[in-house]
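Letters A, B, ... are given to chains in the order of the sequence lines, protein chains preceding strands, and every chain is numbered from 1. What you see is a predicted model; the values in this text were computed from it and never measured.
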Protein chains: 2
Amino acid sequence: MKSNFNDKQIQILEVAETLFAEKGFDGTSIRNIAKVAKINIAMVSYYFGSKERLLESLIVYRTSDLKNQLENLLQEDLEPIDKINKLIELYINRINSNRGIYRILHFEFTSKKREQNLQAFSELKKGNLKSLETIIEEGQKKGIFRKDVIIPLIAPTILGTFFHFHMNKPFFENLLNLKTEDLYNNYIKTNLTKHIQQTIKALLIYES
Amino acid sequence: MKSNFNDKQIQILEVAETLFAEKGFDGTSIRNIAKVAKINIAMVSYYFGSKERLLESLIVYRTSDLKNQLENLLQEDLEPIDKINKLIELYINRINSNRGIYRILHFEFTSKKREQNLQAFSELKKGNLKSLETIIEEGQKKGIFRKDVIIPLIAPTILGTFFHFHMNKPFFENLLNLKTEDLYNNYIKTNLTKHIQQTIKALLIYES
DNA sequence: AACAAAACTAAACAAGTGTTTAATTTAAAC
DNA sequence: GTTTAAATTAAACACTTGTTTAGTTTTGTT
C-alpha cells in the first residue's frame with residue numbers, strides 16, 4: 001500500500017511523533033513542531049486541518065502494517081509455544097522500534113479527553129487479541145496449554161510488562177546499570193523479552 | 001503522622017487529583033481546578049506557590065503510607081507464595097482505590113519534562129522492590145522458588161499488567177461486558193488479581 | 001473595640017495557544 | 001510565455017495560560 005502522505009507531511013508527522021512522545025500532546029504546541037520541522041506554523045493546519053487531526057493522521061501513518069505481520073505469523077508452521085514466543089518477540093521488537101507512537105497511543109488514548117478517536121485503535125487491538133486467541137486455542141486443543149487461563153488478560157501481561165519497564169526507563173537504567181542506549185536496547189531484546197516469554201510459557205504450561 | 005495540609009489545601013489537592021488523572025497535567029488549567037473546587041484562581045499560587053509545586057504536594061499527600069503497609073506484610077508469618085499473593089493483592093487494591101494519583105505518577109513522571117521531581121518517587125520504587133526481593137529470596141532459600149528469575153522484572157509484570165488493563169478500560173469494559181463501575185471493579189478484584197497471582201506463581205514455581 | 005495576621009478576591013499582566021487571513025512565491029500545465 | 005493551481009509566508013485573530021498585584025474581608029488575639 002502506497003502512503004497517502006507526501007514528503008512534507010511525513011516530515012511534519014515524524015517531528016510531531018518525537019515531540020508528542022517526549023512532552024505529550026497537550027505539552028506540545030504547533031509552533032514547537034513548526035520550529036523543529038523548520039516549516040511555517042500555518043502548514044500544519046494547511047496539510048492536516050488541525051492539531052487534533054494531525055494526531056489522527058500520525059496514528060494511521062504508524063499502525064497500518066502491524067495487522068499483516070501478525071497474520072503472516074499465524075500461517076507459519078510452528079508449535080504453539082514457539083508461535084507465542086515469536087509473537088512476543090514481534091510485539092516487543094515492533095513497539096520498541098516505534099516507541100514514539102506507542103507511547104503516544106498509550107498516553108493520549110486512555111484519557112477521557114480523546115475517547116472518540118478510539119475506534120480505529122480499538123479495532124487494531126481486537127484484531128491482535130484474535131490472533132493471540134487463535135494460537136492459544138490451538139495449543140489447548142493439542143493438550144499442551146492449560147485451559148483455565150483468561151486469554152484477554154495475557155495481552156496486558158505481555159504489553160504491560162514491557163510498557164511498565166519502558167515507562168520507568170530512568171529507574172531501570174540506574175538499577176540495572178544500563179549506561180548507554182545500546183545497553184538499554186540490548187537488555188530489552190534479550191533479558192526483558194526472555195522474561196516475558198518465560199512468564200507466559202510458565203503461565204500456559206504450568207500444571208498445579 | 002499528621003497531615004501538613006489544611007482543609008482548603010486538601011480540597012484543592014483532591015480536585016487537582018481528579019482533573020490531572022482525567023486530562024493530564026498539561027491538559028488541566030488552574031482556572032479549571034479553581035472552578036471545580038469553587039475557589040479563586042489565586043488560591044493555588046497562594047497555598048502551593050505554583051502549579052508545578054501543587055503536583056509535588058499531591059504526590060507527597062498520596063504516597064506517604066505505602067511503605068508501612070509493605071513492611072507490615074514482610075513481618076507476617078506466611079509461606080513465601082502466600083506473601084507474594086498478599087503483596088499482589090495489596091498492590092492492586094491500593095492502586096485501584098487510588099487510581100487518580102497512580103495514573104498521574106504513571107503519566108507525568110515518565111516524560112522528559114519532569115525528570116527532576118523523580119527522586120522521591122524513585123526512592124519509593126526502590127523500597128518496594130527491596131520488599132519483593134526479600135520475599136522471593138526467602139522462597140528460593142526454602143527451595144520453593146526457581147532461581148533463574150529476574151526479580152526486578154517481576155514488578156513490571158505485576159504492575160504493568162494492571163496498568164495496561166486499566167489504561168485500556170473502555171476497551172475491556174466493552175470486550176468483557178463490564179457495563180457498570182461495580183462490575184469493572186469486581187473484575188479487577190477477582191479475575192485480574194487472580195490472573196496476576198496465577199502468572200507470578202507459575203513463573204516462580206514452574207520447573208522445565 | 002482595636003489591631004494584626006491570614007484568607008480571599010477581582011483585575012491585570014505578559015506570554016503562549018490553535019487557527020485564519022490575505023498576500024506572495026513556486027511549480028505544473030497548456 | 002502565460003495561466004492556473006499548489007505551496008508557503010508573515011501577520012493578525014481571539015482566546016487561554018500561569019502568576020502577580022493591590023486591595024478587601026474574615027479571623028483570631030490582646
Chemist: 5'-most contact on DNA chain D: A:Arg31 or A:Ile39, nearest heavy atom basis?
Modeler: A:Ile39

Chemist: For A:Lys125 and B:Asn168, which I'm curious about, is there any donor-acceptor pair between the side chains at under 3.5 Å?
Modeler: yes

Chemist: Grab the CG-P distance between B:Asn40 and C:dA11 for me, whole Å please.
Modeler: 11 Å

Chemist: Can you classify the ring geometry of A:Phe48 versus A:Phe5 as parallel (below 30°), tilted (30 to 60°) or perpendicular (above 60°)?
Modeler: tilted

Chemist: Rounded to the Å, how far apart are A:Phe48 CZ and C:dG18 P?
Modeler: 15 Å

Chemist: So, B:Lys83 and B:Glu138, do they make that salt bridge, N to O below 4.0 Å?
Modeler: yes

Chemist: Given atom NZ of A:Lys35 and atom P of C:dG16, what is their separation to the nearest angstrom?
Modeler: 10 Å

Chemist: If you restrict it to nitrogen or oxygen atoms, what contacts under 3.5 Å exist between nucleotides 4-7 of chain C and the protein, and what is each distance?
Modeler:
residue : atom : partner : partner atom : Å
C:dA7   : OP2  : B:Tyr46 : OH           : 3.2

Chemist: Would you kindly give the CD1-to-C1' distance between A:Ile30 and C:dG16, to the nearest whole Å?
Modeler: 12 Å

Chemist: From the list C:dT21, C:dG18, C:dA10, which nucleotide is the closest neighbour of the side chain of B:Ala42?
Modeler: C:dA10

Chemist: When the distance from NZ of A:Lys51 to P of C:dG16 is rounded to whole Å, what number comes out?
Modeler: 15 Å

Chemist: Salt bridge check, A:Glu181 against A:Lys169: does any charged N sit closer than 4.0 Å to a carboxylate O?
Modeler: yes

Chemist: Determine the contact category for A:Ser29: base if any of its heavy atoms lies under 4.0 Å from a base atom, sugar-phosphate if only primed atoms, P, OP1 or OP2 are that close, otherwise nothing.
Modeler: sugar-phosphate

Chemist: Under a 4.0 Å threshold between the charged nitrogen and the carboxylate oxygen, would A:Glu123 count as salt-bridged to A:Lys130?
Modeler: no

Chemist: Does B:Lys86 pair with B:Glu76 as a salt bridge, N-O distance under 4.0 Å?
Modeler: yes

Chemist: State plainly whether the residues A:Arg103 and A:Glu22 are in salt-bridge range, i.e. N to O under 4.0 Å.
Modeler: no

Chemist: Does B:Glu56 come within less than 4.0 Å of B:Arg62, counting only side-chain N to carboxylate O?
Modeler: no

Chemist: Please find the earliest and latest nucleotides of DNA chain D, in the 5' to 3' direction, that have an atom within less than 4.0 Å of any heavy atom of chain B.
Modeler: D:dT17 to D:dT20

Chemist: Which residues pass the ring-ring contact (aromatic ring centres under 6.0 Å, His included) test with A:Phe162, sequence neighbours left out?
Modeler: A:His166

Chemist: Could you state the atom-to-atom distance from CD1 of A:Ile33 to C1' of C:dT19 in whole Å?
Modeler: 14 Å

